[in-house]
Protein chains: 8
Amino acid sequence: MDASGIKKILSDVEKKKISVPAAMAKLRYFPFHDMGFAKVDTQRHLRCGFTEVVFCLGKKVSEVRQIFAGLAANGGNVIATRADKKIYNALKKKFPAVVYHQDARMVTLKKKKIKPTGLVVTASGGTADIPVAEEACITAELMGARVERVYDVGVAGIHRLLAYRECFREANVIIAVAGMEGALPSVIAGLVDKPVIAVPTSVGYGTAFSGIAPLLTMLNSCVAGIVTVNIDNGFGAGYAAGLINKAISDKD
Amino acid sequence: MDASGIKKILSDVEKKKISVPAAMAKLRYFPFHDMGFAKVDTQRHLRCGFTEVVFCLGKKVSEVRQIFAGLAANGGNVIATRADKKIYNALKKKFPAVVYHQDARMVTLKKKKIKPTGLVVTASGGTADIPVAEEACITAELMGARVERVYDVGVAGIHRLLAYRECFREANVIIAVAGMEGALPSVIAGLVDKPVIAVPTSVGYGTAFSGIAPLLTMLNSCVAGIVTVNIDNGFGAGYAAGLINKAISDKD
Amino acid sequence: MDASGIKKILSDVEKKKISVPAAMAKLRYFPFHDMGFAKVDTQRHLRCGFTEVVFCLGKKVSEVRQIFAGLAANGGNVIATRADKKIYNALKKKFPAVVYHQDARMVTLKKKKIKPTGLVVTASGGTADIPVAEEACITAELMGARVERVYDVGVAGIHRLLAYRECFREANVIIAVAGMEGALPSVIAGLVDKPVIAVPTSVGYGTAFSGIAPLLTMLNSCVAGIVTVNIDNGFGAGYAAGLINKAISDKD
Amino acid sequence: MDASGIKKILSDVEKKKISVPAAMAKLRYFPFHDMGFAKVDTQRHLRCGFTEVVFCLGKKVSEVRQIFAGLAANGGNVIATRADKKIYNALKKKFPAVVYHQDARMVTLKKKKIKPTGLVVTASGGTADIPVAEEACITAELMGARVERVYDVGVAGIHRLLAYRECFREANVIIAVAGMEGALPSVIAGLVDKPVIAVPTSVGYGTAFSGIAPLLTMLNSCVAGIVTVNIDNGFGAGYAAGLINKAISDKD
Amino acid sequence: MDASGIKKILSDVEKKKISVPAAMAKLRYFPFHDMGFAKVDTQRHLRCGFTEVVFCLGKKVSEVRQIFAGLAANGGNVIATRADKKIYNALKKKFPAVVYHQDARMVTLKKKKIKPTGLVVTASGGTADIPVAEEACITAELMGARVERVYDVGVAGIHRLLAYRECFREANVIIAVAGMEGALPSVIAGLVDKPVIAVPTSVGYGTAFSGIAPLLTMLNSCVAGIVTVNIDNGFGAGYAAGLINKAISDKD
Amino acid sequence: MDASGIKKILSDVEKKKISVPAAMAKLRYFPFHDMGFAKVDTQRHLRCGFTEVVFCLGKKVSEVRQIFAGLAANGGNVIATRADKKIYNALKKKFPAVVYHQDARMVTLKKKKIKPTGLVVTASGGTADIPVAEEACITAELMGARVERVYDVGVAGIHRLLAYRECFREANVIIAVAGMEGALPSVIAGLVDKPVIAVPTSVGYGTAFSGIAPLLTMLNSCVAGIVTVNIDNGFGAGYAAGLINKAISDKD
Amino acid sequence: MDASGIKKILSDVEKKKISVPAAMAKLRYFPFHDMGFAKVDTQRHLRCGFTEVVFCLGKKVSEVRQIFAGLAANGGNVIATRADKKIYNALKKKFPAVVYHQDARMVTLKKKKIKPTGLVVTASGGTADIPVAEEACITAELMGARVERVYDVGVAGIHRLLAYRECFREANVIIAVAGMEGALPSVIAGLVDKPVIAVPTSVGYGTAFSGIAPLLTMLNSCVAGIVTVNIDNGFGAGYAAGLINKAISDKD
Amino acid sequence: MDASGIKKILSDVEKKKISVPAAMAKLRYFPFHDMGFAKVDTQRHLRCGFTEVVFCLGKKVSEVRQIFAGLAANGGNVIATRADKKIYNALKKKFPAVVYHQDARMVTLKKKKIKPTGLVVTASGGTADIPVAEEACITAELMGARVERVYDVGVAGIHRLLAYRECFREANVIIAVAGMEGALPSVIAGLVDKPVIAVPTSVGYGTAFSGIAPLLTMLNSCVAGIVTVNIDNGFGAGYAAGLINKAISDKD
């Protein structure tokens, strides 16, 4: 409900089309759909440009199913993140069109066709970082981005990375996913003048501290142009990359 | 054993109703019930206004059962927290009236009728925080509070929260339960002049550090009127809220 | 601006006393006073029951002076916390009536008479914890509470604490301030059925970790009824205690 | 030295304009200016779209002065960050045109006129966060962005923030700067569909842990679209915002 | 091999009873029994007053069995700590006389009769701390101490603890075992002038951080006379208590 | 006030020598001396075997002076720890007999002659650990122990340590003080069968983390018989060593 | 592709054997083998003196198998680290010659004969550290080193360690593996003038913090000549030791 | 005192050149020079190949001076690390030949001529890391190494680093010094097959955590061949590099 909505209500009051109490009820609160255990935000698409996502971690299967259904009823595309096989199976029964991305632990339901625009490049340091990278890629794709994947280009063999310099140059935004020492975003940002979204992963052992080591590396990069998200948060990186890529592409 | 109890003993000594050694024995120690592995505090209800609770974490089923029985023998209501199904089943056999609250992992035995007074409002940031919120609600209810639940009103869609402002205004005390970034208590405390008991949950991943992130958020709130309890400590929040609500309501 | 304010605007629109654009301007925003570097919340007193406090940490003296003046202009009592001597001197020039509480690092301006009601008892573990305890006491007093101070009653000599049991029993709410191992709130909460607001202090050395040790002790208390605030946050404890004490006392 | 540079060298070899050894010398290394204690990257402007910045922390005044001079000699705009008064005075002597931004601890030298385009909005939670926010603003401005400042709009009085919703909607990218509990970016990102760069500050005390608390809040935000930089890293946020804003504006 | 042993060798050389090379071989190394994966210290009993203990954590069953046998062959009493049922079964086969202490996860083999002397009192804060407390008690008993157990006397009901003051006064040394906030050792040490060995346990949740909270409480105690061991290290506390108790008792 | 004291009061009541109210007043509280900002525990010497110590950290000079005087009035020996030169000067004026131990930052007042008994050996890893070691030595000496100092015998040159093996063997209890990696207590405890009190110091840099590194080393020692105190807590180690040494020596 | 390779291409261009575009394609990138999910670095052996190792943690069995095959195709020796039984079985099918080192969790394929030279000595503190020590030994052996194992020589019985002094003196480099307090490397480095590579292990409990305690001990050693690797990183230690041993031996 | 020393003593006993007691005195302890507050290890040069170093941190000027003099008396070269100007001045008075290295905070006294052999290359990420790098260089030089310095070659401009590849290839061992994200050692180790000693520095701010960030990066490097020392420990890196370089060079 934006300014024009408020204006409409006020005009209706002025024209006595609606009563003052009715106007108050409309004015005070944004609409949302209350399920008791969850308040589904059916206007988020209007307000924030993208449908709400179901973050499955810690939710019961039955809760995920109901929230997913509530969002699907709005007609937009829907994503469920951190979804295991059991959740997929439960959603599959009700929505045969859902797709399961096993590596990325995501279930997606495409109800609207998406025409990819712009370019998001997602690089991963190692093979073990791919699940997180995939979560980023699929999210960005659902937000309308064309996505290129450049995997296993960590700093151990820097020539592998240098080989993709042209690819990075064409991107609107780059997502760099890495665990262990997490130096990948720094090296990429040192090569090109593009915003780099760094995603630390929990890949590693010992003092990797489940992703703290690469997170600190990324936050402390001596190269400008790097921003960071939570450990293993491929979704967050893909979403932010999607927003930026869309803003740049829409101007074309 | 309070001042009047001591006075009674001293008077009895003065009147030679009891001997000095007998008085000493009575004087020195408060009564409690010794089971060897546990000392059940049968007078805590008198001393602290509420029966002792069985905290099941780390106790054997047999130990829980004996302590629970010892408390139930006093005739008050009894709560077992952090109780799994196995504990419930063991208690059920001996006390068919016990109720199991699966989400909240609590077993309760109501031996005295409770007439709800006042109002405690419990808000949760997300659906995954509900188990902790329920532990708080059930505890407050057993302490005599009327409780309203406002779930899934996190800051991602702040209008969902604003819709409940009136509800928060009527509360004597508010419990705000949230994981991940844990900003819910701050936003609520910014809206109303009520004490807010903040409960961080272990919901989240990566740098949520099993609840440290929301705990720090709550401790550092720039809004006054917020106090905090341990991560996932719904019981502690419900107990403190119950105490405060009772003190306010008793004055009515 | 609450429900009745909105109703008034809508009625005025209906009666055509004001135009739709004028109504929109009024409707959309709550009033506050914009100084550029600070937005002073002149209606917080109405909204939250107490005037806004100036938290001086990190602010320039000139900024503090202007914010303080903005709040004082509303006619309520004003508090500046974490205020050093330099700030006091700057405020003193403009407001000769301000009082400096050196231990508590607070400047207060009482413009309205306060009649103390109820009872807040503030206990400190040691002598070195007194500055934080004083911050709590003065805050609670400005919120209308009668306050009793029980200092240096840490667990090293538990009889000193037991001597004050009656005092704790009369309180509506207890503030327990302690550094080092921070066991004071647990022991007090074990003795009486009152809400205890625990304040860890940065007193100690080595593994006290500037207050983390007592904070953890307080969060992990095995005694119910304890809630906690940030390290050295006497103000926060005093404010929450003030809110609770007022709610209980107002019902008398 | 990009693809066309390499092509040129190869052609020259083919045409025997230069010898093989001479070509090798040119081919192998990118050009930079070696001062012994520092290697000034004079082609970074070409490679990365912006001149290199002097990060003064830990450098001697004499070192800063020489590096600054080396960069200024290239004719672009130059920034020195984390610069104290002493550094400013040293630079002022040699470059009378430098400007000192005291709050932001920056020295800037504008040698090329900048025409502001697009819009970056920088919000701060409190007054004490302004120095970090200013570092971000000035950096973004030197990268060609039009910048609006919205300061002291923390969650304690959420209406102050809501009043600026339209402003946030017009931005290409938003920078949200906050210390203590750091909830500002979450609330802003919940209101608008713009990328939000979150900057935690070291403002606060106790468990704020010099900025760790707001950092964790920002990394764990339940709202999508937020990316984060190091504690107090206004420069990094301004730089990334400048890059994104430029990419969007350039398409206009 | 002590001073007299060296003297003997030197005398033998002087008297030419043994050759120089033979003396060198004897001189250089203390005797131990090499199994390849373990060097069993068969003279530790002489050197340190007590037989070596098998710490089972991280060792294979077959390794534990061989080391245990090596020690048993020396004729002293043997302890295996952190021993699960599988290890007990393996040892039982070879040494039918071994006893399994399930709570304490210990296997003991008494080959020499022990006459208990002195007094070690072991107190536990809660029922869940008993396994660690038992590990301490059994260890102290094998070192010759008479042991009294005072369990479930945490600070939540301080009168339960006060009831045992006489008992604590008779002890040569007190072991205080507690999880969660870990305040027990402080309260005990405040009552009596005896050395108190504090043992933090991993009992608790959330900010108990698997025993860090009580560890910090114990290290920071404001009461003198407390020393601390590792989290859950009942063995270490029992061993140190045994050493001290023995030194005091031996003088009787 | 022990059992005989209570008996006396009860007898007096029985014999009507004192009234019931007078008896109650005597019974309920232990005696202490209330100064408002401090409650001096004048019977601690009786209760705990040693006079109370003034811990100066965080106390004002005037507060220290009054507490010290209160304790000195009882006629026992008095210690002030963490005392800087300013405190010494203030105490010197009132008590010309006080001695200042600059390294150990202690002021002592000997009013009773002490005849050293038993043996406490204090070893330090390096020269920089001496101040903490001295705090331990002086404390133990005031508790009646004969003390030997073995300084700068860290593991870098293990032969320096081995040279003192006989000395360690004669001790009733050993204090081992070390910073940096803190391996000294382990090596000593591996050589002799004596209780070792380990004191980590804040000597070191980087990952020594102001004493956390040696603290962890000491808590995790694979050698039995080691107990630990807080970082830099020489006093605590000296006090505990004094208690143990006295118990052993008193039996002679 | 080293200098001579570049020279060759340039000469070919000069001689018009290849075209400029063809030269560019060759010049710009080092060769590697792209499998999509992994870029196998087939020239690492030439570039870095040793074949690439497959680090299995976080990789799927199918991914490990393909990478291993890619490396084996080059004809050198191949190592897979952190390999469980399932991986071994998968590799065994394709390469019957692979050997599984169960303790060390490694699979090795020797295609070239190795003649051991020099000497690396690997010491372990306890029996439970052997798996990590074995990972180091096998790695060093595959890099051509002669390796001696000295296990279970921790500081609890320092004479066991001293017995091997001659052995340490003969080594080119020493690997010291230890968990718990991790003092072993310090003691060894204090005895001989050899580089010591310290490997902390996750053996221990409580404040060992899964290897943080020994890591800090090793980083803070007061003895010079010690360098450290990640917790449980036997491979890294073995690799570095292999490099150093080879450099020393090659000069023979 | 090595094997031949022992043999000599035994022979002398056999030949009755010395008495048994005299032999015992010689045999039991290695010689060191006892100053009370320090035990100077005058034979470390023989035992460990290098004279002992004075680590000044935490030592008084007078103590440093005496220890330095004790070492100088042996005739070898002497180093004082972490030495401020005051220490230099004190040493200068007694030893006019000492040299002060201000950046590296070292005082050196060369009494024996050193002929540089081999090659140690020391790289630094930034200009601010130079003091730590210099400490490493000077130490390695005093241990006989030829040293090359390659400063300010951090990953922000990776071409600056690539330019020195040949230089790294010639080294026997490389020291890589870096603060902030600390990626330098990884990139270098990915280019050449040389052992790399990584030195994290405390350069940086916020989440650099005074060097923890680069330390973790270095410990978690995905490139093999890297070993790490304590934060800012240039001396330790230089010493280990010196040992390795000497072992390789001595074989020439």
Side-chain angles (χ1 to χ4, degrees), chain F residues 102-105 122-134 137 147-169 177-182 184 187 191 200-214 216-217 231-232 234, chain H residues 1 24-25 27-48 52-67 70 81-82 105 132 135 179 199-202 209-212 214-216 218-219 228-236:
Chain F
Q102 189 163 331
D103 275 1
R105 287 164 306 161
T122 300
S124 91
T127 303
D129 302 314
I130 291 179
V132 175
E134 278 299 305
C137 291
V147 175
E148 296 243 346
R149 288 149 170 89
V150 181
Y151 290 164
D152 193 31
V153 288
V155 297
I158 212 151
H159 62 290
R160 296 183 297 194
L161 182 63
L162 297 176
Y164 287 92
R165 194 150 57 187
E166 289 313 309
C167 176
F168 293 132
R169 280 208 180 120
V177 182
M180 302 180 81
E181 91 257 67
L184 185 64
V187 177
L191 294 174
T201 73
S202 53
V203 169
Y205 62 93
T207 55
F209 294 138
S210 304
I212 295 178
L216 294 184
T217 306
I231 297 162
D232 289 337
Chain H
M1 182 171 307
M24 276 182 72
L27 261 179
R28 202 147 351 125
Y29 311 132
F30 288 62
F32 56 85
H33 174 183
D34 195 341
M35 298 180 177
F37 62 86
K39 321 266 180 271
V40 176
D41 191 349
T42 52
Q43 298 202 328
R44 188 175 165 82
H45 184 59
L46 298 176
R47 209 170 71 252
C48 288
E52 198 170 11
V53 169
V54 194
F55 176 63
C56 301
L57 200 74
K59 294 201 179 73
K60 300 181 194 171
V61 173
S62 61
E63 290 170 349
V64 170
R65 199 183 47 224
Q66 287 178 70
I67 299 172
T81 64
R82 309 262 160 169
R105 289 164 304 164
V132 175
E135 195 186 50
V199 190
T201 72
S202 53
F209 294 138
S210 303
I212 296 178
L215 171 67
L216 295 184
M218 291 162 182
L219 288 172
T228 306
V229 297
N230 195 2
I231 297 163
D232 289 337
N233 189 5
F235 167 73

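Bear in mind the structure is a predicted one, so any value in this text is a computation, not a measurement. Naming convention: chains lettered A, B, ... in sequence-line order (proteins, then strands); numbering from 1 in each chain.
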Residue from F/D103, F/T127, F/I130 passing side chain to side chain contact (heavy atoms under 4.5 Å, CB included) with H/K60:
F/D103
How many angstroms lie between CZ in H/F209 and CZ in F/F209, if you round to the nearest 0.5 Å?
10.5 Å
Should H/I231 and F/Y205 count as side-chain neighbours, where that means a heavy-atom distance under 4.5 Å?
no
Taking the side chain as C-beta and beyond, is there a heavy-atom pair between H/L215 and F/T207 under 4.5 Å?
yes
Looking only at heavy atoms, which two atoms of F/A128 and H/G58 are closest? And how far apart?
CB-O, 3.5 Å
If you count heavy-atom pairs under 4.5 Å between each of H/I212, H/T201, H/N230 and chain F, which one has the most?
H/N230
